[in-house]
Amino acid sequence: MKRCVELITLAGCLVLVGCSLNPRGEIPTVGGQAQVRTLFGDPETISIQYNKVVIVDTALNGKIAIENHGARKTPTGTIEVYATLRNRTDFEQQVEARVQFFDEQKVPIEAPSQWQRVILAPKTVGAYKELSIHEQIAGFYYVELRSGR
Amino acid sequence: MTIEFRRWKLVAIALVLAQGCASSGVQNTAGSATVYEDASSGGKVQGIGVESRDIVAMTDKMMRDMLANRILAAANPSPRVIVDSEYFTNESSSRLNKNQITDRLRVELNRAGNGRMVFVGRQYADMVAKERDLKESGVVDQGTVRQTKAQAGADYRLAGRISSQDTARADGMSARYTQIVFEMVDVSYGTIVWSGLYEFKKVAQDDVIYR
């Protein structure tokens, strides 16, 4: 009987621990990986995952796929960040993107770039590219995506 | 099972309960009302013309692109450039002060450039000439910085054009396509060493007045 009570209590605890999961029961993660469906996280409760593309707008959930992203150096030593986006819907989608650069110690080395608009025709692929200001080696980048306004 | 072990088990369960029910601690509400708006956002009043968010976004993009250009940002010695609105024309139907675009571009480039480009303040040439006259006539001393035979000459100068195309419907809906071209011209040779293009199209009721 006592063991039964303990087991029920433990089961109740496990259910309540589920409160910490997001409403869809997914472990919150932030950031996209190439070729992988982006899990929609809750940016205000999740710490920044560097070198990621994050969709910060719930309105884009399920509509935009991040096919690829990365960074490379330009001839002048600045960094160019790119993200390949795919419109998964039958409607034109307007997204805005911006990037912030961090050094090796994850300290922001400049202000975030301004929001730039990317218009994606139905079922098509588009690209977002942005350049850093500083020519020193930028350690990390963080790209944010939202609906066009 | 000992009483001590059972007590620790209860503590562990209580800790798990606390963790499970922990909220994010975020007060998800809007901030206080204010008359200030973000200059890089659309704002409450929007039309089809060139607005603050367009100026902010285009100057940011052009600045980053110029800093990635080898001729402008990786030359040794650093080239001297003039960025002003003298040769930046507004041929669009948008009413705007083009100095806002060129001033913002120059300031952002100068601050971010960190010596990769040297900016010549040609719009201040009269001011510089007066001070040089005072120094040469002996009315004032030579100052503390080095003397030069003449004011700085430039290597490259900004030129550009804002143009637009309007379409309107009988019910008051209007569309405007705006194209802004930025170019850096070699003022000795006449070649264009860098070009940038920023374009957008807006559709709305054309009932906003721009001043």
Side-chain angles (χ1 to χ4, degrees), chain A residues 2-3 5-23 28 41-47 58 72-81 94 96-99 101 109-119 128-136 146-149, chain B residues 1 5-6 9-10 12-28 38-43 46 52-75 104 108-109 111-117 194 196 198-202:
Chain A
K2 282 182 188 172
R3 186 160 288 184
V5 169
E6 283 171 7
L7 282 172
I8 290 170
T9 307
L10 196 58
C13 293
L14 288 172
V15 168
L16 287 168
V17 164
C19 291
S20 65
L21 299 178
N22 69 15
D42 193 3
E44 67 242 24
T45 59
I46 303 295
S47 58
T58 54
R72 60 185 182 185
K73 260 194 175 178
T74 68
T76 59
T78 58
I79 303 296
E80 182 184 42
V81 161
Q94 291 198 29
E96 289 182 338
R98 72 173 186 178
V99 62
F101 294 95
I109 57 174
E110 56 192 54
S113 70
Q114 295 299 322
W115 292 100
Q116 298 292 347
R117 191 178 299 265
V118 179
I119 298 176
Y128 166 71
K129 284 185 182 179
E130 190 58 277
L131 297 157
S132 72
I133 294 172
H134 287 82
E135 55 189 342
Q136 68 189 56
R146 70 180 188 189
S147 298
R149 301 175 184 192
Chain B
M1 199 177 290
F5 179 76
R6 200 174 289 170
K9 200 166 71 171
L10 286 171
I13 289 169
L15 283 173
V16 166
L17 273 172
Q19 172 62 34
C21 294
S23 70
S24 64
V26 175
Q27 259 198 21
N28 197 13
D38 183 3
S40 60
S41 73
Q46 296 188 61
S52 68
R53 66 176 306 189
D54 303 310
I55 294 174
V56 170
M58 80 173 85
T59 52
D60 185 76
K61 189 139 188 80
M62 294 302 117
M63 169 194 63
R64 290 170 187 269
D65 203 51
M66 289 170 81
L67 290 173
N69 180 279
R70 213 184 333 220
I71 297 174
L72 294 176
R104 193 172 199 282
E108 292 286 304
L109 263 177
R111 289 173 60 85
N114 204 25
R116 284 176 274 181
M117 286 178 241
W194 171 86
Y198 192 86
E199 59 185 354
F200 52 87
K201 184 177 178 184
K202 297 184 184 180

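Bear in mind the structure is a predicted one, so any value in this text is a computation, not a measurement. Naming convention: chains lettered A, B, ... in sequence-line order (proteins, then strands); numbering from 1 in each chain.
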>> Between A/Thr76 (side chain only) and B/Ala74 (backbone N and O only), is there a donor and an acceptor less than 3.5 Å apart?
In response: no

> When only pairs under 4.5 Å are counted, which of B/Ala112, B/Ala68, B/Ala57 shares the most heavy-atom pairs with chain A?
Replying inline: B/Ala68

Closest approach of [X] to [Y] (non-hydrogen atoms, all atoms of both residues):
X: B/Lys61; Y: A/Lys129; answer: NZ-O, 3.8 Å
X: B/Arg64; Y: A/Ala111; answer: NH2-O, 3.8 Å
X: A/Arg149; Y: B/Arg53; answer: O-NH1, 2.8 Å

> Does a side-chain heavy-atom distance below 4.5 Å link A/Thr78 with B/Arg116?
Replying inline: yes

> chain B heavy atoms under 4.5 Å from A/Glu80: which part of the residue, side chain, backbone, both or neither?
Replying inline: neither

> Which region of A/Arg98, side chain (C-beta onward) or backbone (N, CA, C, O), has a non-hydrogen atom less than 4.5 Å from a non-hydrogen atom of chain B, or is it both or neither?
Replying inline: neither

> Is the CZ atom of B/Arg70 crowded by more than 12 outside heavy atoms at less than 6.0 Å?
Replying inline: no

> Can you tell me how far the CZ atom of B/Arg111 sits from the CD1 atom of A/Ile133, to the nearest 0.5 Å?
Replying inline: 10.0 Å

> Between B/Asn69 and chain A, which part of the residue has a heavy atom less than 4.5 Å away: side chain, backbone, both or neither?
Replying inline: backbone

> Which answer fits B/Met63, side chain, backbone, both or neither, if we ask what part of it has an atom under 4.5 Å from a heavy atom of chain A?
Replying inline: side chain

